Amino acid sequence: MTRSTPRRTLTGVARWLRTERIGVGHGRLARRYLGFALLFGLWGGLDALLLRTALVTPGLDRWGAETYAAFFTTHGLTMLFLFALPAIWGVAYAAVPSLIGADRTAFPALATAAFWSQVLAALAIRAGTIGGVLGVGGLEPVAVGWTLYTPLSALSANPAIDALLVGLLLVAVGTALTGVDLVVTIVRRRRVPWRDVDTFTWTVLTAAAMAAVAFPVLALAASLLLADRALGTGFVAAGGGPQRWQHLFWFFAHPLVYILVLPPMGIVSHVLPRFAGRRLFGRHSAVYSTVAIGVISFVVWGHHLFVASTGPSTRMAFMVLTLAVAVPSSAKLCSWLGTLWGGSIRYPAPMLAVVAAVGFFVVGGVTGVFLAVSPINVQYNGTYYVVAHFHLLLAGFVALALVAGVYYWFPLLTGRQYDPDLARLHVRLTIVGIAVAFGSLLLVGLAGQPRRVATYASAYAPLHQLATVGAYVIAVGQLVFLANLARSLRRGDPAPDDPWDLADAPAHAREWNRR
């Protein structure tokens, strides 16, 4: 018996390796992505809590400016690349195949390999933090900002920056492959006609196509910076290189924002009608606006360079283009409000999260429109106004829409139900925390306080303390979510075939027909 145990272990490992080689099913892949996103969302959220704790007082009372910059850097990179993106792909793999009638994705092996590339990327991106905790000599947390602006990122001697760049290369490759898999799955494996494809699937299709185009640019930028650091070249470190880096980075990063925003828009368009008791108002305009956002998002990166050496005519062109992207976004808002008007509305946890997400979308979107105007951008670009705008969209809209999607499709993913009271408590705490935290920072930004610095004038202390209270309220909300998740996975009641009572609702519920 003792001799057969290693053989059984080896057989199990070989079976697992074979499964990974041929690819896993989309349901398992969705659970992996969502679990991965949850882990790194908690890690990135801890970075944010430590940042906010440091900012309770105006001076450097807890740690130095370099440590603050390290938390600032890792928080941004983690939340964008290791939380938001994997969470979006997880929700997409959970729902899209069922919505289009596909039994599997187009390239399961490719999708599985793409996921594992994200795991390796996570280790590389957080190598500095891991090295600092373990005491690895010379390996320290990266403290150059999440945008990796040169020449600082090129001249720093910290080898963790090289590991970070390798991690970004892996993210770029894995995300581009994921985009290809989802595009081909929707185009070639759907069993429903195009006219019946739901709005969430349209947003995933557009975002996946954008990822396949945008992330190779990230790979190019990371490769050039890596070459400058390792080989002494001058692609982005010398001469006009720093501005070249900004163009490359933002040509990728601004479409990234819409890659992160479009699928949550699709979640809102999918979930909201089901609990409003109506079909989605202006469905065709919702689809057309999705495609329009995907196209226009590639030509607006220049507004990030208004404070750089851009001429008046260039600023004017990018200002007009940036304002133009607000038009299809406004069409989506009209679609959501039109659906709510006169509806028979129910408020389970997914609907609470969706309605709050729409509210934060309005505030985050309006503050973004002001930043599109060149004179206002120059005035507020370096202040907390940008921090508040960005987080009202990313935390207020994207994260809450993802929460709504996870709650709505939880029975589809797990076959179980969760505690609805705990779910509503989680959503309410998160809403209050986001409003308090980033509403306070919006006021700080309007007052002109610079961002990305560890100290500030004492007059801003009350608002910073209020923002920190909001951050801790958000954290308490996530603890409620974790408790509900653990309880539901262990002892949750089996989910019925129609968990949301949508069989006779005006909005179709195709995904539940395949359970």
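Quick note: residue numbers are just sequence positions, from 1. Predicted model only: the values in this text are computed from it and were never measured.
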If I take atom [atom1] from residue [X] and atom [atom2] from residue [Y], how far apart are they, to the nearest 0.5 angstrom?
| X | Y | atom1 | atom2 | result |
| --- | --- | --- | --- | --- |
| L38 | L482 | CG | CG | 5.5 Å |
| T201 | L182 | OG1 | CG | 10.0 Å |
| M79 | L260 | CE | CG | 11.0 Å |
| R126 | L82 | CZ | CG | 8.0 Å |
| L485 | F410 | CG | CZ | 5.5 Å |
| L29 | R104 | CG | CZ | 13.5 Å |

Note to self: If the threshold is 4.0 Å, N to carboxylate O, is there a salt bridge linking R191 and D196?
What the structure shows: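 No, R191 and D196 are not salt-bridged.
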Is the backbone N or O of [Y] less than 3.5 Å from a side-chain atom of [X], with the two atoms forming a donor-acceptor pair by type?
| X | Y | result |
| --- | --- | --- |
| N377 | N381 | no |
| S285 | G282 | yes |
| S269 | G266 | no |
| R278 | L340 | no |
| T339 | F281 | yes |
| H75 | G44 | yes |
| R416 | G492 | yes |
| R315 | F306 | yes |
| D419 | N484 | no |

Shortest non-hydrogen contact between [X] and [Y], atoms and distance:
| X | Y | value |
| --- | --- | --- |
| S223 | A219 | OG-O, 2.7 Å |
| L49 | A475 | CD1-CB, 3.8 Å |
| L321 | I296 | O-CG2, 3.9 Å |
| I88 | I259 | CD1-O, 3.9 Å |
| L352 | I431 | O-CD1, 4.2 Å |
| P350 | V271 | CB-CG1, 4.0 Å |

Note to self: Can you see whether S488 engages Q417 through a side-chain donor-acceptor pair at a distance of less than 3.5 angstrom?
What the structure shows: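 Per modelled atom types, S488 and Q417 side chains form no pair under 3.5 Å.
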Notebook entry, point to check: Taking atom types as modelled and ignoring hydrogens, do the side chains of T290 and K332 form a donor-acceptor contact shorter than 3.5 angstrom?
Noted result: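 Short answer, yes.
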Next item on the list: Given side-chain contact (heavy atoms from CB on, under 4.5 Å), test L177 with V173 step by step and report yes or no.
Entry: CA-CA 6 Å; L177 293 178; V173 172; 4.1 Å; yes
Side chain to side chain, [X] and [Y], heavy atoms closer than 4.5 Å:
| X | Y | value |
| --- | --- | --- |
| L392 | F397 | no |
| T199 | R283 | yes |
| L442 | F438 | no |
| W194 | I186 | yes |
| T430 | F481 | no |
| T178 | F115 | no |
| L393 | T367 | no |
| R189 | T105 | no |

Note to self: Apply side-chain contact (heavy atoms from CB on, under 4.5 Å) to residues T185 and R190 and explain how you reach the verdict.
What the structure shows: CA-CA 7 Å; T185 298; R190 59 182 170 77; over 6 Å; no
Is it the case that the ring center of [Y] lies less than 6.0 angstrom away from the ring center of [X]?
| X | Y | answer |
| --- | --- | --- |
| W89 | F36 | no |
| H270 | W202 | no |
| W341 | W336 | no |
| F275 | Y347 | no |
| H254 | W301 | no |
| H26 | Y93 | no |
| F249 | W146 | yes |

Checklist line | Test side-chain contact (heavy atoms from CB on, under 4.5 Å) applied to M265 and V268, step by step | finding: CA-CA 5 Å; M265 284 179 168; V268 173; 5.8 Å; no
Next item on the list: Starting from the C-alpha separation in whole Å, work towards a yes-or-no answer on side-chain hydrogen bond (donor to acceptor under 3.5 Å, both in side chains) for H389 and Y380.
Entry: CA-CA 11 Å; H389 152 69; Y380 287 103; over 6 Å; no
Note to self: Once you measure the plane-to-plane angle for W500 and Y418, does it fall in the parallel (<30°), tilted (30-60°) or perpendicular (>60°) bin?
What the structure shows: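 Judged by the thresholds at 30° and 60°, the geometry between W500 and Y418 is tilted.
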Next item on the list: Would you please test L99 and V197 for side-chain contact (heavy atoms from CB on, under 4.5 Å) and show each step?
Entry: CA-CA 8 Å; L99 289 168; V197 172; over 6 Å; no
